[in-house]
Amino acid sequence: MSLLKVENVSHHFGDKSLYANASFDLYKGEHVGIVGQNGAGKSTLIKILLGEMIPDEGSIKWQSNIRIGHLDQYAEVNGRNTVESYLKTAFSHLFEIEKKMNDLYQMSALTGAAEQLLQAAYYQEQLEAGDFYAIDSHISKIASGLGIDAIGIDRVLLELSGGQRAKVILAKLLLEQPDVLLLDEPTNFLDKEHVEWLANYLKSFKGAYCVVSHDYDFLEKISTCICDIEFGTIKKYYGKYSDFLRQKEHLRQDYVRRYHAQQQKIEKTEEFIRRNIAGVNTRIAQGRRKQLERMDRMAAPVFTHKPIIQFRELPIPSQKVLTTSNLEVGYDSSLLPKINFSMLGGQKLVITGFNGIGKSTLLKTLVEEIPAVAGHFRFSEPIKLGYYEQDLKWEDGTMTPIQIISERFPQLNMKEIRKYLAQIGMKEAHVTQQIRTLSGGEQSKVKLCRLMLSPCNFLILDEPTNHLDSEAKKALQSAFIQFQGSIILVSHEVSFYSEWADRIFNIKQGK
(Lines give C-alpha, C1' and ligand atoms only; values in the text may rest on other atoms or scores of the structure.)
Protein backbone atom coordinates (compact mmCIF):
# COMPACT_ATOMS: atom_id res chain seq x y z
CA MET A 1 0.00 0.00 0.00
CA SER A 2 1.29 3.46 -0.92
CA LEU A 3 1.92 6.22 1.63
CA LEU A 4 0.62 8.77 -0.89
CA LYS A 5 -1.67 8.45 -3.88
CA VAL A 6 -1.89 11.33 -6.36
CA GLU A 7 -4.78 10.68 -8.75
CA ASN A 8 -5.73 12.60 -11.91
CA VAL A 9 -4.51 15.93 -10.57
CA SER A 10 -4.97 18.94 -12.85
CA HIS A 11 -3.96 22.45 -11.87
CA HIS A 12 -3.79 25.81 -13.62
CA PHE A 13 -1.91 28.95 -12.74
CA GLY A 14 -3.65 31.81 -14.50
CA ASP A 15 -4.19 30.62 -18.07
CA LYS A 16 -1.29 28.14 -17.88
CA SER A 17 -1.84 24.44 -17.24
CA LEU A 18 0.79 23.05 -14.86
CA TYR A 19 -0.49 19.47 -14.78
CA ALA A 20 -3.29 17.61 -16.55
CA ASN A 21 -4.55 14.29 -15.10
CA ALA A 22 -1.23 13.66 -13.35
CA SER A 23 -0.98 10.51 -11.21
CA PHE A 24 1.77 8.84 -9.18
CA ASP A 25 2.31 6.98 -5.90
CA LEU A 26 4.85 7.34 -3.11
CA TYR A 27 5.76 4.08 -1.39
CA LYS A 28 7.41 3.34 1.94
CA GLY A 29 11.16 4.00 1.82
CA GLU A 30 11.09 5.63 -1.64
CA HIS A 31 13.52 8.49 -2.17
CA VAL A 32 12.07 10.72 -4.88
CA GLY A 33 13.75 13.63 -6.63
CA ILE A 34 11.38 16.14 -8.26
CA VAL A 35 12.76 17.91 -11.34
CA GLY A 36 11.53 20.10 -14.16
CA GLN A 37 12.26 23.38 -15.90
CA ASN A 38 11.82 26.65 -14.03
CA GLY A 39 8.11 27.44 -13.73
CA ALA A 40 7.04 23.84 -14.39
CA GLY A 41 5.27 23.64 -11.00
CA LYS A 42 7.69 21.80 -8.68
CA SER A 43 7.16 24.02 -5.63
CA THR A 44 3.44 24.16 -6.40
CA LEU A 45 3.34 20.35 -6.30
CA ILE A 46 4.90 20.38 -2.80
CA LYS A 47 2.24 22.87 -1.66
CA ILE A 48 -0.51 20.68 -3.13
CA LEU A 49 0.88 17.60 -1.34
CA LEU A 50 0.88 19.57 1.93
CA GLY A 51 -2.69 20.75 1.43
CA GLU A 52 -1.58 24.40 1.26
CA MET A 53 -3.04 24.58 -2.27
CA ILE A 54 -6.07 22.74 -3.62
CA PRO A 55 -5.74 21.31 -7.15
CA ASP A 56 -8.39 22.24 -9.70
CA GLU A 57 -9.19 18.56 -10.20
CA GLY A 58 -8.09 15.20 -8.82
CA SER A 59 -7.25 13.98 -5.34
CA ILE A 60 -4.33 13.73 -2.90
CA LYS A 61 -4.67 10.80 -0.48
CA TRP A 62 -2.21 10.25 2.37
CA GLN A 63 -2.18 7.06 4.40
CA SER A 64 -3.75 7.74 7.80
CA ASN A 65 -1.51 8.67 10.75
CA ILE A 66 1.46 9.53 8.51
CA ARG A 67 3.80 12.12 10.03
CA ILE A 68 4.86 14.57 7.31
CA GLY A 69 7.88 16.84 7.76
CA HIS A 70 8.13 19.93 5.56
CA LEU A 71 11.10 22.28 5.23
CA ASP A 72 9.63 25.77 5.58
CA GLN A 73 12.60 28.16 5.49
CA TYR A 74 10.34 31.07 6.48
CA ALA A 75 8.55 29.41 9.38
CA GLU A 76 7.64 31.61 12.34
CA VAL A 77 10.02 30.92 15.22
CA ASN A 78 10.57 32.53 18.60
CA GLY A 79 13.63 34.65 17.85
CA ARG A 80 14.54 34.89 21.53
CA ASN A 81 15.20 31.14 21.71
CA THR A 82 18.75 29.85 21.44
CA VAL A 83 19.60 27.43 18.66
CA GLU A 84 19.90 24.61 21.21
CA SER A 85 16.54 25.27 22.88
CA TYR A 86 14.85 25.50 19.46
CA LEU A 87 16.35 22.17 18.35
CA LYS A 88 15.16 20.55 21.58
CA THR A 89 11.56 21.38 20.64
CA ALA A 90 11.88 18.49 18.15
CA PHE A 91 11.59 16.26 21.23
CA SER A 92 8.89 18.23 23.08
CA HIS A 93 6.65 15.16 23.40
CA LEU A 94 9.46 13.30 25.21
CA PHE A 95 10.11 16.22 27.56
CA GLU A 96 6.40 16.22 28.41
CA ILE A 97 6.59 12.52 29.25
CA GLU A 98 9.66 13.16 31.40
CA LYS A 99 7.77 15.85 33.34
CA LYS A 100 4.83 13.50 33.93
CA MET A 101 7.22 10.78 35.08
CA ASN A 102 9.04 13.08 37.51
CA ASP A 103 5.74 14.38 38.91
CA LEU A 104 4.57 10.80 39.54
CA TYR A 105 7.83 9.87 41.29
CA GLN A 106 7.48 12.93 43.55
CA MET A 107 3.85 12.09 44.32
CA SER A 108 4.63 8.44 45.02
CA ALA A 109 7.38 9.48 47.42
CA LEU A 110 4.73 11.35 49.42
CA THR A 111 1.85 8.88 49.13
CA GLY A 112 3.61 5.55 48.56
CA ALA A 113 0.93 4.63 45.98
CA ALA A 114 1.97 1.64 43.86
CA GLU A 115 -0.19 2.75 40.91
CA GLN A 116 1.83 5.95 40.57
CA LEU A 117 5.11 4.02 40.56
CA LEU A 118 3.78 1.66 37.87
CA GLN A 119 2.65 4.58 35.71
CA ALA A 120 6.02 6.30 36.21
CA ALA A 121 7.81 3.11 35.18
CA TYR A 122 5.65 2.98 32.02
CA TYR A 123 6.69 6.54 31.18
CA GLN A 124 10.32 5.57 31.82
CA GLU A 125 9.99 2.77 29.22
CA GLN A 126 8.55 5.26 26.71
CA LEU A 127 11.50 7.60 27.21
CA GLU A 128 13.99 4.78 26.72
CA ALA A 129 12.15 3.60 23.57
CA GLY A 130 12.32 7.18 22.24
CA ASP A 131 16.08 7.34 22.96
CA PHE A 132 15.43 10.29 25.27
CA TYR A 133 18.73 10.04 27.08
CA ALA A 134 20.67 10.40 23.81
CA ILE A 135 18.96 13.66 22.75
CA ASP A 136 22.08 15.76 23.29
CA SER A 137 24.08 13.29 21.21
CA HIS A 138 21.52 13.41 18.36
CA ILE A 139 21.50 17.21 18.38
CA SER A 140 25.29 17.33 18.37
CA LYS A 141 25.46 14.94 15.39
CA ILE A 142 23.00 16.95 13.25
CA ALA A 143 24.45 20.31 14.33
CA SER A 144 27.94 19.19 13.38
CA GLY A 145 26.84 17.73 10.04
CA LEU A 146 25.05 20.91 8.94
CA GLY A 147 27.71 23.25 10.31
CA ILE A 148 25.46 24.66 13.05
CA ASP A 149 28.11 24.04 15.70
CA ALA A 150 30.30 26.57 13.85
CA ILE A 151 27.47 29.12 14.18
CA GLY A 152 27.16 28.35 17.90
CA ILE A 153 24.23 26.46 19.44
CA ASP A 154 24.05 29.03 22.23
CA ARG A 155 23.36 31.83 19.69
CA VAL A 156 19.94 33.49 19.75
CA LEU A 157 17.87 32.88 16.60
CA LEU A 158 17.35 36.62 16.09
CA GLU A 159 21.08 37.02 15.52
CA LEU A 160 21.24 34.53 12.65
CA SER A 161 21.32 35.29 8.92
CA GLY A 162 18.55 33.94 6.68
CA GLY A 163 20.74 31.04 5.53
CA GLN A 164 21.80 30.15 9.07
CA ARG A 165 18.20 30.25 10.26
CA ALA A 166 17.07 27.98 7.41
CA LYS A 167 19.86 25.56 8.34
CA VAL A 168 18.60 25.40 11.95
CA ILE A 169 15.01 24.79 10.76
CA LEU A 170 16.28 21.90 8.58
CA ALA A 171 18.17 20.45 11.56
CA LYS A 172 15.00 20.45 13.70
CA LEU A 173 13.09 18.74 10.89
CA LEU A 174 15.70 15.96 10.64
CA LEU A 175 15.69 15.51 14.41
CA GLU A 176 11.91 14.99 14.36
CA GLN A 177 12.33 11.89 12.14
CA PRO A 178 8.94 12.10 10.32
CA ASP A 179 7.64 9.25 8.16
CA VAL A 180 7.83 11.42 5.03
CA LEU A 181 10.04 14.43 4.27
CA LEU A 182 9.01 17.08 1.72
CA LEU A 183 12.03 19.28 0.94
CA ASP A 184 12.09 22.19 -1.51
CA GLU A 185 15.66 23.15 -2.52
CA PRO A 186 17.32 22.10 0.78
CA THR A 187 20.88 22.67 -0.55
CA ASN A 188 20.44 26.36 -1.46
CA PHE A 189 21.72 27.55 1.92
CA LEU A 190 24.30 24.80 2.51
CA ASP A 191 28.02 24.73 1.80
CA LYS A 192 29.48 21.85 -0.21
CA GLU A 193 30.67 19.96 2.92
CA HIS A 194 27.18 20.17 4.41
CA VAL A 195 25.52 19.21 1.11
CA GLU A 196 27.69 16.08 1.14
CA TRP A 197 26.70 15.35 4.75
CA LEU A 198 22.99 15.84 3.98
CA ALA A 199 23.25 13.54 0.95
CA ASN A 200 24.73 10.77 3.10
CA TYR A 201 22.10 11.36 5.79
CA LEU A 202 19.21 11.17 3.33
CA LYS A 203 20.61 8.05 1.64
CA SER A 204 20.33 6.20 4.97
CA PHE A 205 16.98 7.78 5.93
CA LYS A 206 14.52 4.95 6.58
CA GLY A 207 11.43 6.99 5.75
CA ALA A 208 10.29 8.26 2.35
CA TYR A 209 10.89 11.70 0.90
CA CYS A 210 10.27 13.98 -2.05
CA VAL A 211 13.06 16.48 -2.74
CA VAL A 212 12.91 19.37 -5.21
CA SER A 213 16.45 20.31 -6.26
CA HIS A 214 18.45 21.78 -9.12
CA ASP A 215 21.65 20.31 -7.67
CA TYR A 216 21.88 17.26 -9.90
CA ASP A 217 24.99 15.81 -8.25
CA PHE A 218 22.99 15.86 -5.02
CA LEU A 219 19.99 14.16 -6.66
CA GLU A 220 22.25 11.48 -8.14
CA LYS A 221 23.38 10.55 -4.63
CA ILE A 222 20.02 10.57 -2.83
CA SER A 223 17.35 9.44 -5.32
CA THR A 224 15.93 5.99 -6.01
CA CYS A 225 13.43 7.46 -8.49
CA ILE A 226 12.67 10.75 -10.22
CA CYS A 227 9.36 12.56 -10.80
CA ASP A 228 9.78 14.75 -13.87
CA ILE A 229 7.33 17.60 -14.53
CA GLU A 230 7.16 18.41 -18.24
CA PHE A 231 4.52 19.08 -20.91
CA GLY A 232 1.84 19.35 -18.20
CA THR A 233 2.46 15.81 -16.99
CA ILE A 234 4.24 14.21 -14.02
CA LYS A 235 6.12 11.09 -15.04
CA LYS A 236 7.90 8.82 -12.57
CA TYR A 237 11.19 7.15 -13.55
CA TYR A 238 12.89 4.47 -11.48
CA GLY A 239 16.62 4.55 -10.81
CA LYS A 240 19.16 7.28 -10.12
CA TYR A 241 19.17 10.72 -11.75
CA SER A 242 21.63 9.56 -14.44
CA ASP A 243 19.31 6.62 -15.25
CA PHE A 244 16.43 9.08 -15.57
CA LEU A 245 18.43 11.26 -18.01
CA ARG A 246 19.13 8.30 -20.31
CA GLN A 247 15.49 7.19 -20.26
CA LYS A 248 14.22 10.72 -20.79
CA GLU A 249 16.48 11.45 -23.76
CA HIS A 250 15.07 8.42 -25.54
CA LEU A 251 11.50 9.49 -24.72
CA ARG A 252 12.22 13.09 -25.74
CA GLN A 253 13.30 12.04 -29.21
CA ASP A 254 10.18 9.93 -29.52
CA TYR A 255 8.00 12.81 -28.23
CA VAL A 256 9.45 15.27 -30.76
CA ARG A 257 8.82 12.77 -33.56
CA ARG A 258 5.19 12.19 -32.49
CA TYR A 259 4.59 15.94 -31.91
CA HIS A 260 5.76 16.88 -35.42
CA ALA A 261 3.74 14.04 -36.92
CA GLN A 262 0.63 15.33 -35.13
CA GLN A 263 1.30 18.91 -36.26
CA GLN A 264 1.58 17.77 -39.87
CA LYS A 265 -1.71 15.89 -39.54
CA ILE A 266 -3.40 18.97 -38.02
CA GLU A 267 -2.10 21.22 -40.82
CA LYS A 268 -3.28 18.83 -43.56
CA THR A 269 -6.69 18.45 -41.91
CA GLU A 270 -7.13 22.21 -41.47
CA GLU A 271 -6.15 22.76 -45.10
CA PHE A 272 -8.73 20.14 -46.23
CA ILE A 273 -11.41 21.85 -44.09
CA ARG A 274 -10.61 25.30 -45.57
CA ARG A 275 -10.85 23.97 -49.12
CA ASN A 276 -13.99 21.88 -48.66
CA ILE A 277 -16.13 23.45 -45.91
CA ALA A 278 -18.32 25.27 -48.46
CA GLY A 279 -18.16 22.75 -51.33
CA VAL A 280 -19.63 19.37 -52.21
CA ASN A 281 -17.48 17.72 -49.50
CA THR A 282 -18.84 19.96 -46.73
CA ARG A 283 -20.12 17.03 -44.62
CA ILE A 284 -16.70 15.35 -44.73
CA ALA A 285 -15.02 18.66 -43.80
CA GLN A 286 -17.43 19.13 -40.87
CA GLY A 287 -16.65 15.61 -39.67
CA ARG A 288 -12.92 16.26 -39.78
CA ARG A 289 -13.42 19.53 -37.88
CA LYS A 290 -15.13 17.56 -35.11
CA GLN A 291 -12.22 15.10 -35.14
CA LEU A 292 -9.78 18.00 -34.65
CA GLU A 293 -11.87 19.40 -31.78
CA ARG A 294 -11.78 16.00 -30.03
CA MET A 295 -8.05 15.47 -30.64
CA ASP A 296 -5.83 15.30 -27.55
CA ARG A 297 -3.20 17.77 -28.69
CA MET A 298 0.37 17.31 -27.55
CA ALA A 299 2.11 20.25 -25.84
CA ALA A 300 4.90 21.90 -27.83
CA PRO A 301 8.33 20.50 -26.84
CA VAL A 302 9.72 23.57 -25.05
CA PHE A 303 13.11 21.91 -24.55
CA THR A 304 13.92 22.55 -28.22
CA HIS A 305 14.54 26.22 -27.29
CA LYS A 306 17.64 26.22 -25.10
CA PRO A 307 18.48 29.45 -23.27
CA ILE A 308 21.39 31.59 -24.48
CA ILE A 309 23.23 33.96 -22.14
CA GLN A 310 25.77 36.40 -23.50
CA PHE A 311 26.96 39.38 -21.50
CA ARG A 312 27.57 42.77 -23.12
CA GLU A 313 31.30 43.08 -22.59
CA LEU A 314 33.32 46.24 -22.29
CA PRO A 315 37.12 46.19 -22.89
CA ILE A 316 39.23 45.37 -19.83
CA PRO A 317 42.94 46.03 -19.17
CA SER A 318 45.28 43.14 -18.43
CA GLN A 319 46.89 44.79 -15.37
CA LYS A 320 45.46 44.79 -11.83
CA VAL A 321 41.79 45.68 -11.83
CA LEU A 322 41.05 45.17 -8.11
CA THR A 323 43.21 45.56 -5.02
CA THR A 324 42.11 45.09 -1.41
CA SER A 325 44.26 46.31 1.48
CA ASN A 326 43.54 45.20 5.06
CA LEU A 327 39.84 45.17 4.12
CA GLU A 328 37.44 44.33 6.94
CA VAL A 329 33.77 43.70 6.16
CA GLY A 330 30.69 43.44 8.36
CA TYR A 331 27.97 45.55 9.90
CA ASP A 332 28.52 46.61 13.51
CA SER A 333 31.81 44.72 13.67
CA SER A 334 34.13 42.84 11.32
CA LEU A 335 32.94 39.36 10.28
CA LEU A 336 36.28 38.35 8.81
CA PRO A 337 39.99 38.94 9.44
CA LYS A 338 41.73 41.54 7.26
CA ILE A 339 41.47 40.64 3.56
CA ASN A 340 44.37 41.27 1.17
CA PHE A 341 44.20 40.13 -2.46
CA SER A 342 44.35 41.50 -5.97
CA MET A 343 42.95 40.49 -9.35
CA LEU A 344 44.16 40.92 -12.91
CA GLY A 345 41.93 41.76 -15.85
CA GLY A 346 40.19 38.63 -17.13
CA GLN A 347 40.84 36.64 -13.95
CA LYS A 348 37.99 34.52 -12.58
CA LEU A 349 37.82 34.04 -8.81
CA VAL A 350 35.40 31.80 -6.88
CA ILE A 351 34.78 32.43 -3.17
CA THR A 352 33.69 29.49 -1.02
CA GLY A 353 33.26 28.98 2.72
CA PHE A 354 30.71 28.29 5.43
CA ASN A 355 27.25 29.81 5.09
CA GLY A 356 26.99 32.99 7.13
CA ILE A 357 30.74 33.46 7.40
CA GLY A 358 30.63 36.70 5.38
CA LYS A 359 30.87 35.87 1.66
CA SER A 360 27.78 37.88 0.68
CA THR A 361 28.85 40.71 2.98
CA LEU A 362 32.21 40.87 1.17
CA LEU A 363 30.45 41.18 -2.20
CA LYS A 364 28.05 43.86 -0.91
CA THR A 365 31.06 45.80 0.35
CA LEU A 366 32.85 45.57 -3.03
CA VAL A 367 29.79 46.91 -4.88
CA GLU A 368 29.45 49.63 -2.20
CA GLU A 369 26.05 48.49 -1.03
CA ILE A 370 27.44 48.62 2.52
CA PRO A 371 30.55 50.46 3.77
CA ALA A 372 33.78 48.71 4.75
CA VAL A 373 34.39 48.36 8.50
CA ALA A 374 38.10 49.13 8.00
CA GLY A 375 40.79 49.08 5.32
CA HIS A 376 40.01 49.81 1.72
CA PHE A 377 39.71 48.43 -1.82
CA ARG A 378 40.13 49.97 -5.26
CA PHE A 379 38.94 49.08 -8.75
CA SER A 380 41.03 50.45 -11.62
CA GLU A 381 39.55 53.36 -13.61
CA PRO A 382 37.93 51.63 -16.64
CA ILE A 383 36.08 49.00 -14.56
CA LYS A 384 32.30 48.78 -14.93
CA LEU A 385 30.67 46.35 -12.50
CA GLY A 386 27.75 43.99 -13.11
CA TYR A 387 26.24 42.67 -9.86
CA TYR A 388 23.91 39.74 -9.19
CA GLU A 389 22.48 39.63 -5.66
CA GLN A 390 21.39 36.29 -4.18
CA ASP A 391 18.12 37.48 -2.61
CA LEU A 392 15.04 37.49 -4.82
CA LYS A 393 13.61 40.81 -3.71
CA TRP A 394 11.88 43.44 -5.84
CA GLU A 395 10.94 47.04 -5.18
CA ASP A 396 7.50 46.33 -6.61
CA GLY A 397 6.42 42.67 -6.70
CA THR A 398 3.41 43.48 -8.88
CA MET A 399 5.57 44.46 -11.87
CA THR A 400 5.88 41.99 -14.75
CA PRO A 401 9.21 40.83 -16.26
CA ILE A 402 8.48 43.00 -19.30
CA GLN A 403 7.94 46.07 -17.10
CA ILE A 404 11.09 45.35 -15.05
CA ILE A 405 13.30 45.18 -18.16
CA SER A 406 11.55 48.16 -19.76
CA GLU A 407 12.08 50.30 -16.65
CA ARG A 408 15.84 49.58 -16.64
CA PHE A 409 16.24 49.78 -20.45
CA PRO A 410 13.62 52.26 -21.76
CA GLN A 411 15.31 52.35 -25.18
CA LEU A 412 14.16 48.79 -25.89
CA ASN A 413 10.82 48.24 -27.61
CA MET A 414 8.36 45.52 -26.57
CA LYS A 415 9.46 43.09 -29.28
CA GLU A 416 13.11 43.37 -28.23
CA ILE A 417 12.28 42.86 -24.54
CA ARG A 418 10.26 39.72 -25.31
CA LYS A 419 13.12 38.45 -27.47
CA TYR A 420 15.71 38.85 -24.70
CA LEU A 421 13.45 37.26 -22.07
CA ALA A 422 12.77 34.33 -24.40
CA GLN A 423 16.49 34.05 -25.14
CA ILE A 424 17.28 33.54 -21.47
CA GLY A 425 14.62 30.82 -21.18
CA MET A 426 11.51 32.68 -19.99
CA LYS A 427 8.25 31.17 -21.18
CA GLU A 428 5.89 33.47 -23.09
CA ALA A 429 3.13 32.88 -20.52
CA HIS A 430 5.33 34.19 -17.69
CA VAL A 431 6.60 37.50 -19.12
CA THR A 432 3.29 39.28 -18.37
CA GLN A 433 2.74 37.79 -14.89
CA GLN A 434 3.53 39.64 -11.67
CA ILE A 435 7.14 38.88 -10.70
CA ARG A 436 6.13 37.82 -7.17
CA THR A 437 3.93 35.04 -8.57
CA LEU A 438 6.78 33.42 -10.52
CA SER A 439 9.01 30.58 -9.34
CA GLY A 440 12.48 31.27 -7.93
CA GLY A 441 14.01 30.06 -11.19
CA GLU A 442 11.89 32.37 -13.34
CA GLN A 443 12.70 35.34 -11.09
CA SER A 444 16.41 34.49 -11.31
CA LYS A 445 16.18 34.52 -15.11
CA VAL A 446 14.68 38.02 -15.05
CA LYS A 447 17.59 39.18 -12.88
CA LEU A 448 20.07 37.52 -15.24
CA CYS A 449 18.39 39.12 -18.26
CA ARG A 450 18.75 42.53 -16.64
CA LEU A 451 22.41 41.81 -15.92
CA MET A 452 23.01 40.41 -19.40
CA LEU A 453 21.78 43.67 -20.96
CA SER A 454 24.00 45.85 -18.73
CA PRO A 455 27.40 46.59 -20.35
CA CYS A 456 30.22 45.61 -17.94
CA ASN A 457 33.72 44.14 -17.74
CA PHE A 458 33.69 42.86 -14.15
CA LEU A 459 30.96 40.50 -12.90
CA ILE A 460 30.25 40.01 -9.19
CA LEU A 461 27.69 37.28 -8.52
CA ASP A 462 26.27 35.75 -5.35
CA GLU A 463 24.94 32.18 -5.81
CA PRO A 464 23.32 32.80 -9.23
CA THR A 465 22.59 29.08 -9.83
CA ASN A 466 20.47 28.52 -6.70
CA HIS A 467 17.11 28.30 -8.50
CA LEU A 468 18.15 27.63 -12.09
CA ASP A 469 17.20 24.50 -14.06
CA SER A 470 19.86 22.44 -15.82
CA GLU A 471 19.54 24.16 -19.23
CA ALA A 472 19.86 27.64 -17.70
CA LYS A 473 22.87 26.53 -15.63
CA LYS A 474 24.61 25.23 -18.74
CA ALA A 475 23.92 28.51 -20.54
CA LEU A 476 25.29 30.54 -17.62
CA GLN A 477 28.35 28.32 -17.34
CA SER A 478 29.03 28.78 -21.08
CA ALA A 479 28.59 32.57 -20.70
CA PHE A 480 31.19 32.69 -17.91
CA ILE A 481 33.66 30.67 -19.99
CA GLN A 482 33.24 33.07 -22.93
CA PHE A 483 33.32 36.24 -20.81
CA GLN A 484 36.67 38.02 -21.30
CA GLY A 485 36.32 40.25 -18.24
CA SER A 486 36.93 39.48 -14.56
CA ILE A 487 34.54 37.48 -12.38
CA ILE A 488 34.06 37.11 -8.64
CA LEU A 489 31.55 34.34 -7.92
CA VAL A 490 30.20 33.01 -4.61
CA SER A 491 29.02 29.45 -5.17
CA HIS A 492 28.68 26.11 -3.40
CA GLU A 493 28.38 24.08 -6.64
CA VAL A 494 31.84 22.76 -7.47
CA SER A 495 30.63 21.10 -10.69
CA PHE A 496 29.44 24.51 -11.94
CA TYR A 497 32.73 26.40 -11.59
CA SER A 498 35.48 23.74 -11.60
CA GLU A 499 36.06 23.95 -15.38
CA TRP A 500 36.64 27.69 -15.66
CA ALA A 501 37.70 29.17 -12.29
CA ASP A 502 41.29 30.49 -12.17
CA ARG A 503 41.46 30.80 -8.38
CA ILE A 504 39.46 29.49 -5.42
CA PHE A 505 39.34 31.70 -2.33
CA ASN A 506 38.17 29.48 0.58
CA ILE A 507 37.17 31.65 3.52
CA LYS A 508 37.53 29.73 6.77
CA GLN A 509 36.72 30.69 10.33
CA GLY A 510 39.45 33.05 11.49
CA LYS A 511 41.44 33.13 8.24
Legend entry - The single option from Q37, K42, K445, H214 passing side chain to side chain donor-acceptor pair (under 3.5 Å) against D469: K445
Inset, instruction - List the atom of H492, the atom of D191, and the distance in Å for their closest heavy-atom pair. - result: CB-CA, 4.3 Å
Inset, instruction - Output yes when R246 and D243 qualify as a salt bridge under the 4.0 Å nitrogen-oxygen rule, no when they do not. - result: yes
Legend entry - R67, CZ atom: more than 12 neighbouring heavy atoms under 6.0 Å: yes
Legend entry - Over 12 non-hydrogen atoms of neighbours within 6.0 angstrom of OH in Y122: no
Legend entry - Within 6.0 angstrom of K236 NZ, more than 12 heavy atoms from elsewhere: yes
Legend entry - Test item: W500 and L489 side chains (from C-beta on) under 4.5 Å apart, heavy atoms: yes
Inset, instruction - May I ask you to decide if the ring planes of F244 and Y241 are parallel, tilted or perpendicular, using 30° and 60° as cut-offs? - result: tilted
Inset, instruction - Measure from NZ or CZ of K473 to the centre of the six-membered ring of F496, then state whether that distance is under 6.0 Å and the direction lies within 45° of the axis. - result: no
Inset, instruction - Please determine which of Y209, Y201, Y238, F218 meets the ring-ring contact (aromatic ring centres under 6.0 Å, His included) test together with H31. - result: Y209
Inset, instruction - For the pair K5 and D25, find out whether any cationic side-chain nitrogen is under 4.0 Å from an anionic carboxylate oxygen. - result: yes
Legend entry - Pair E196 + K221, salt bridge at N-O below 4.0 Å: yes
